[in-house]
Amino acid sequence: MAPTDARRAVVVGAGPSGFYAASQLLDAGFEVDLLDALPTPFGLVRAGVAPDHPKIKTVTRVFDKVAGREGLRFFGGVAVGRDVTPRELVERYHAVVYAFGTAADNRLGIPGEDLPGSHAATAFVGWYNGHPDHAGATYDLSREHAVVIGNGNVAIDVARMLVLSPEEITPTDTADHAIEALAASSVREVSVVGRRGPVEAAFTTPELLELGELSRADVVVDHADLHAVPDDAGRNVEVLRGYAARPPREDASHRVVLRFCWSPVEILGEGRVEAIRLARNEIVDGRAVATGEEMELPCGLVVRSIGYRGTPIDGIPFDAARGLVRNVDGRVVDEDGALVPRTYVTGWVKRGPSGVIGTNKKDSAQTTAAIVADAQAGVLAGPPIPDADEAAAWLLTRAPGAVGWDGWTRLDAHEVAAGSGAGRPRVKVVHLETMGRIAASGV
Ligand code: NAP
């Protein structure tokens, strides 16, 4: 049962952390309005997870069940900061939970970073996954060498997508524009550049192992990078030693080269990316320390995959240095540490972009426990306009094209039907206008 009179919550962002929070709030007796800036739900599961990882995406079945529960309403295509304000939300809901993730990218802060051909992983990943904000972009894949900066799983995803064969990509839900561009790509070698060493790399072992199983790409690791590494340095190092010991694959037309202990210092080129200058590091107590040695690596594409950050929204206290909503264990606080009434946060924009999808379940549990405790303490009582019908009408006035769960179901069926003939899980619709039209009518 709903604790005291507090029973209406709005969750902003229908990705994993938003869905976990919504589910837990329903369990606690709240009614939940789930908002997303896009007409489509699932956040990073739709727009981030690599298209050749369909198993990871099956978590959407769990979220479908949540969406079907009584008390939950979905409003896709409503953006806080554009259509409605944080202040207006706290006037209408007992609790407001921000779960809008980290849609922006960290920057290297080096010369040449903005040359054509230098991109953020956020944009490139959004592009191949058909995120409407990135679907219109074009990538020049006409050069043989590409460089991915960073040693996390996103860097591996990007490198893999650049070398997958058409036979590997075509049966996935990669956006059609990306399938076409990647099929015509001239990229043959992708260097994945880490500023620290094999021990410090953030890759997880299954993702590293997958690199060794690509149909047409060899994975290349230099023995020398592993000399100083102790034998018992973990599974990743074991896998890397295996790669370093492998003879080059003669049947491989493509290569992924893992280069450790190099920091990017400048991206070079006349009017577009032509090379990157890297500075050699040695690792001292886990830290990268420059040795003074440098090299230039010719390349036509640089993708920086060095972590994500949240995008600030007016009216929500934001820690600009960390790229996160200011909070203490999920309760949003202002610059002085004072609690912001009725306002909570969960997921990547609460704790930073780390962990796997399931990590968000525990994270949201901490936030929803805070909400329930505050409700029981009477802190959430009495928003001025607590009426569910009023809220729905108001949201639809502000975002007249908003898509409900039934609309998303129509769009989903459309995408799945479009893919079924070609043996693909779906063909994504990537333009907002078309999405809205199909969601409204099914056609
Ligand atoms: P990540 O794991 O935090 O990796 C970021 C990488 O960027 C690190 O290697 C970091 O190096 C490097 N970096 C940061 N600043 C740099 C700079 N200025 N210059 C050079 N390198 C820099 O982040 P992510 O790859 O974006 O992944 C985000 C989360 O999603 C992770 O938890 C990841 O595991 C998860 N994810 C999982 C999967 C999967 O399970 N298949 C797929 C994709 C993503 P330092 O360590 O030296 O800082």
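Just follow the structure's listing: the first ligand is 1, and inside any ligand the first atom is 1.
Contact annotation: S354 has at least one heavy atom less than 4.0 Å from an atom of ligand 1. Residue contacts with ligand 1 include W348, since one of its heavy atoms falls under 4.0 Å from the ligand. In this structure, P353 has a heavy atom closer than 4.0 Å to ligand 1. Not a single heavy atom of T204 sits closer than 4.0 Å to an atom of ligand 1. N106 does not count as a contact of ligand 1, since none of its heavy atoms falls under 4.0 Å from the ligand.
Of all protein heavy atoms, the one closest to atom 18 (N) of ligand 1 is R195 NH1, 3.5 Å. Among protein heavy atoms, atom 23 (O) of ligand 1 sits closest to G307 CA, 4.4 Å. N151 N, 3.7 Å is the protein heavy atom nearest to atom 6 (C) of ligand 1. In terms of protein heavy atoms, atom 21 (N) of ligand 1 is closest to I306 CG2, 3.6 Å. The shortest contact between atom 2 (O) of ligand 1 and any protein heavy atom is with A202 CB, 3.5 Å. Looking from atom 46 (O) of ligand 1 to the surrounding protein, the closest heavy atom is R196 NH2, 2.8 Å. Nearest protein neighbour of atom 40 (O) of ligand 1, counting heavy atoms only, is E207 OE2, 3.6 Å.
In this structure, of V125, I357, N153, the residue bringing a heavy atom nearest to atom 38 (C) of ligand 1 is N153. Ranked by closest heavy atom to atom 27 (O) of ligand 1, the top entry among V154, V356, V265 is V154. Of the listed residues (A50, G355, G152, G197), the one carrying the non-hydrogen atom nearest atom 31 (C) of ligand 1 is G355.
Contact annotation for atom 10 (C) of ligand 1: protein absent (non-hydrogen atoms, distance under 4.0 Å).
When only modelled atom types and interatomic distance are considered, K350 and Q366 share a side-chain donor-acceptor pair under 3.5 Å. N151 and R259 share no donor-acceptor pair across their side chains, judged by distance under 3.5 Å alone.
Within the model, atoms CD of E294 and OG of S263 stand 10.0 Å from one another, a figure rounded to the nearest 0.5 Å.
Side-chain contact between D33 and F75 is present, with at least one heavy-atom pair separated by less than 4.5 Å.
With hydrogens and angles ignored, the 3.5 Å screen pairs no side-chain donor or acceptor of D105 with any backbone N or O of S305. The closest donor-acceptor contact from the side chain of R272 to the backbone of G300 lies under 3.5 Å.
Distances between N or O atoms of E200 and those of ligand 1 include no value under 3.5 Å. For ligand 1, the polar-atom distance check finds no N/O of Y308 at less than 3.5 Å from any of the ligand's N/O atoms.
Note: H223 and H227 have parallel aromatic rings, judged against thresholds of 30 and 60 degrees for the angle between ring planes. The aromatic rings of F42 and F19 sit tilted relative to each other, their planes meeting at an angle between 30° and 60°.
Sorted by first and then second residue, the ring-ring contact (aromatic ring centres under 6.0 Å, His included) pairs involving residues 137-182 (not counting sequence neighbours) are H119-Y139, F124-Y139, W127-Y139, W127-H177.
Remark: D173 engages K57 in a salt bridge, criterion side-chain N to carboxylate O under 4.0 Å.
When all heavy atoms of A104 and G310 are compared, the closest pair comes out as CB-O, 4.4 Å.
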Enumerate donor-acceptor pairs with a distance under 3.5 Å from any side-chain N or O in residues 285-293 to protein atoms, sequence neighbours excluded.
{"from": "T291", "atom 1": "OG1", "to": "R280", "atom 2": "O", "distance (Å)": "3.2"}
{"from": "T291", "atom 1": "OG1", "to": "E293", "atom 2": "N", "distance (Å)": "3.3"}

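Counting heavy atoms under 4.0 Å from ligand 1, residue V193 does not touch it at all.
When each atom of ligand 1 is checked for a heavy atom of D157 under 4.0 Å away, the hits are 42 (C), 43 (C).
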